[in-house]
Amino acid sequence: MPELPEVETILLGLRAALRDRRIISSETRADLRWPVPDDLSIRADGKRVREVTRLGKYLLVGLVRGPTLLIHLGMSGRIRITPGAEARAGYTPLRHEHVTLTFDDSSRVGLVDPRRFGCFLLLDGGRELAHPLLRDLGTDPLESGFDAAHLVAQLRGKRGPIKITLLDQRVVAGLGNIYVSEILYRARIHPERVSASLTVEEVTRLAEIIPAVLREAIEAGGSTLRDYVDAQGRPGAFQHLHKVYAREGQPCPECPGYPACGGIRRIVQAGRSGFFCPRLQPPLSLLDA
DNA sequence: CGAGACCCCTGGCTGC
DNA sequence: TGCAGCCAGGGGTCTC
């Protein structure tokens, strides 16, 4: 479900809600992709929140003199925040609310994830980046280290299609299926182009467009296709600004070729749908072969 | 190393 | 109304 813009939007809500809060108790009702650690209460209860951060699509809640909660929302996960005043009047976990934390002001934070592709793990404080799930993550496109030279280096030697390469979290941390289609459309790059065949000019364009699209999406509160809502329960609006995603057969908004061109195309790569304009995103460059 | 198939799981939608 | 089949914003693991 959530890609970087959605996770970032959730992060901002979570950070505001958890500032200086202390965990009073924690409840686990079901396991996610991996079992929720059964020593969660032992290690987390009584600990104060130090900071809430994000790495790619992972949320990290660091606790003072304690572990760091590592949360991934998978395809269908969301965070439910209930203010203390409301929770004191009575609190009922939602269907599929697999983990609930109660804080010192009675507020609750729940992890709701119907498909259970997400995770909720504990990392040792101070050694978070050594964890296998975080160790190999690529650069976050909103960080300063993400620029054209960096992306050129990342794509060097990559023979796979650019769409699949950009989805690889070791190459760029945080991109997902929606935004990759939107980004390649805006960069006028066909999703099947061999990654290493992109010209420096094209990669430079990508390196500018990737953070630009993500920032615009964050500004709009993310994309809601079916069930995404932020930590306060609000849907995003960026889906209204999608140019190609899930628009097969519809006219590309910037292409004069419709209806002769047949409109936006859908292709499947690595089992996932992708969308592009066949005229604005030509399939081959002279460097491909 | 890379690429592809398969798996995890629930729910919404479509077509019969 | 029921049901089968397909699809979904992610990603780990295994095989070749």
Side-chain angles (χ1 to χ4, degrees), chain A residues 1-11 29-36 54-59 70-79 94-99 111-121 131-138 154-185 191-197 213-214 217-218 220-231 235-249 266-275:
Chain A
M1 163 228 291
E3 304 183 31
L4 188 153
E6 291 75 35
V7 178
E8 177 72 15
T9 303
I10 289 167
L11 167 73
R29 299 179 194 83
D31 287 332
L32 300 165
R33 164 184 292 280
W34 298 290
V36 177
R54 179 185 63 73
L55 270 178
K57 301 176 196 172
Y58 289 92
L59 288 166
L70 178 70
I71 300 169
H72 194 289
L73 300 170
M75 292 272 270
S76 60
R78 69 181 191 86
I79 296 290
L94 296 177
R95 182 168 161 79
H96 303 303
E97 184 170 326
H98 307 308
V99 182
L111 173 57
V112 183
D113 185 3
R115 294 179 74 177
R116 289 188 272 144
F117 286 175
C119 70
F120 189 111
L121 298 173
H131 191 276
L133 291 173
L134 305 182
R135 196 176 49 199
D136 301 322
L137 279 182
Q154 287 298 302
L155 300 185
R156 189 166 295 143
K158 295 272 192 302
R159 304 301 301 167
I162 184 63
K163 190 215 171 188
I164 302 308
T165 300
L166 291 177
L167 281 175
D168 186 337
Q169 302 299 298
R170 296 170 299 181
V171 174
V172 182
L175 297 183
N177 206 37
I178 295 179
Y179 293 104
V180 163
S181 276
E182 295 299 321
I183 285 162
L184 289 174
Y185 168 76
E192 289 177 316
R193 293 276 305 285
V194 170
S195 303
S197 79
V213 167
L214 298 176
I218 292 165
S223 296
T224 296
L225 293 190
R226 27 188 332 137
D227 52 16
Y228 165 75
V229 289
D230 71 12
F238 194 73
Q239 67 278 8
H240 303 304
L241 301 174
H242 292 174
K243 301 269 186 18
V244 292
Y245 188 81
R247 295 197 188 283
E248 183 180 16
R266 169 180 179 269
I267 52 168
V268 176
Q269 295 168 278
R272 313 194 69 189
S273 293
F275 302 86

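Proteins come first, then strands; the chains are lettered A, B, ... in the order of their sequence lines, and each starts at number 1. Just the heavy atoms: all of them, side chains too, but no hydrogens, waters or symmetry mates, feed the values below.
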Does CZ belonging to A:Arg29 count more than 12 external heavy atoms closer than 6.0 Å?
-> yes

A:Ile162 CD1 to B:dG2 P, straight-line distance once rounded to whole Å = 14 Å

Contact class for A:Leu167 (heavy atom, under 4.0 Å): base, sugar-phosphate, or nothing?
-> nothing

Rounded to whole angstrom, note down the P distance from B:dA5 over to C:dC7.
-> 15 Å

Minimum-distance nucleotide to A:Glu3 side chain [options: C:dG10, C:dG12, B:dG11] = C:dG10

Between A:Arg272 and C:dG9, is there a side-chain N or O to OP1/OP2 distance below 4.0 Å?
-> yes

C:dA8 OP1/OP2 closer than 4.0 Å to side-chain N/O of A:Ser273 | yes

Sugar-phosphate atoms are those with a prime plus P, OP1 and OP2; base atoms are the rest. Using that split, label each nucleotide of nucleotides 3-9 of chain B B, S or - for protein heavy atoms under 4.0 Å, 5' to 3'.
-> S----BB

A:Leu155/A:Ile162 under side chain to side chain contact (heavy atoms under 4.5 Å, CB included): CA gap, chis, key distance, verdict = CA-CA 9 Å; A:Leu155 300 185; A:Ile162 184 63; 3.9 Å; yes

Interatomic distance, A:Phe120 CZ vs C:dG10 C1' [rounded to whole Å] | 19 Å

Do any side-chain nitrogens or oxygens of A:His72 fall under 4.0 Å of OP1 or OP2 in C:dG10?
-> no

To the nearest 0.5 Å, what is the distance between CD (A:Glu6) and CZ (A:Arg78)?
-> 14.5 Å

Mark yes or no for whether A:Glu8, through its side chain, and A:Ile218, through its backbone, hold a donor-acceptor pair below 3.5 Å.
-> no

Please answer whether the main-chain N or O of A:Ser197 pairs with a side-chain N or O of A:Lys158 as donor and acceptor at a distance below 3.5 Å.
-> no

Whole angstrom value for the distance that separates C1' of C:dG9 from CG of A:Leu73 = 11 Å

How far apart are the closest heavy atoms of A:Ser76 and A:Pro114, and which atoms are they?
-> O-CD, 3.4 Å

Calculate the interatomic distance between A:Leu55 atom CG and C:dG11 atom C1'; express it in whole Å.
-> 16 Å

Integer-rounded Å distance: C:dA8 P and A:Gln239 CD = 17 Å

Taking CD from A:Glu6 and C1' from C:dG10, how many angstroms apart are they, rounded to a whole number?
-> 13 Å

Return no unless some side-chain N or O of A:Arg95 is found under 4.0 Å from OP1 or OP2 of B:dG11.
-> yes

Ignoring backbone atoms, test whether A:Tyr245 places a side-chain nitrogen or oxygen under 4.0 Å from the OP1 or OP2 oxygen of C:dG9.
-> yes

For the rings on A:Phe238 and A:Tyr245, is their centre-to-centre separation under 6.0 Å?
-> no

Determine the interatomic distance between P on C:dC6 and the same-named atom on B:dC6; round to the nearest Å.
-> 14 Å

Which string of ( ) [ ] | and . matches DNA chain C, if you list each base 5' to 3' and count Watson-Crick or G-U pairs only when both distances are under 3.5 Å?
-> .|||||||.|||||||

Please give, in whole Å, the distance from B:dT10 C1' to A:His98 NE2?
-> 9 Å

Determine: side-chain N/O of A:Gln169 to OP1/OP2 of C:dG10, distance under 4.0 Å, yes or no.
-> no

Can you name the closest pair of heavy atoms from A:Tyr228 and A:Ser223 and give their distance?
-> CD2-O, 3.5 Å

Please write out the pairs of protein N or O atoms and N or O atoms of nucleotides 14-16 of chain C separated by less than 3.5 Å, giving the distance to one decimal.
none

Check the distance between B:dG2's C1' and A:Asp168's CG and give it to me in whole angstrom.
-> 10 Å

A:Arg247 side-chain N/O to A:His242 backbone N/O, donor-acceptor pair under 3.5 Å | yes

Which atom pair, heavy atoms only, marks the closest approach of A:Ala270 to A:Ile164?
-> CB-CD1, 3.7 Å

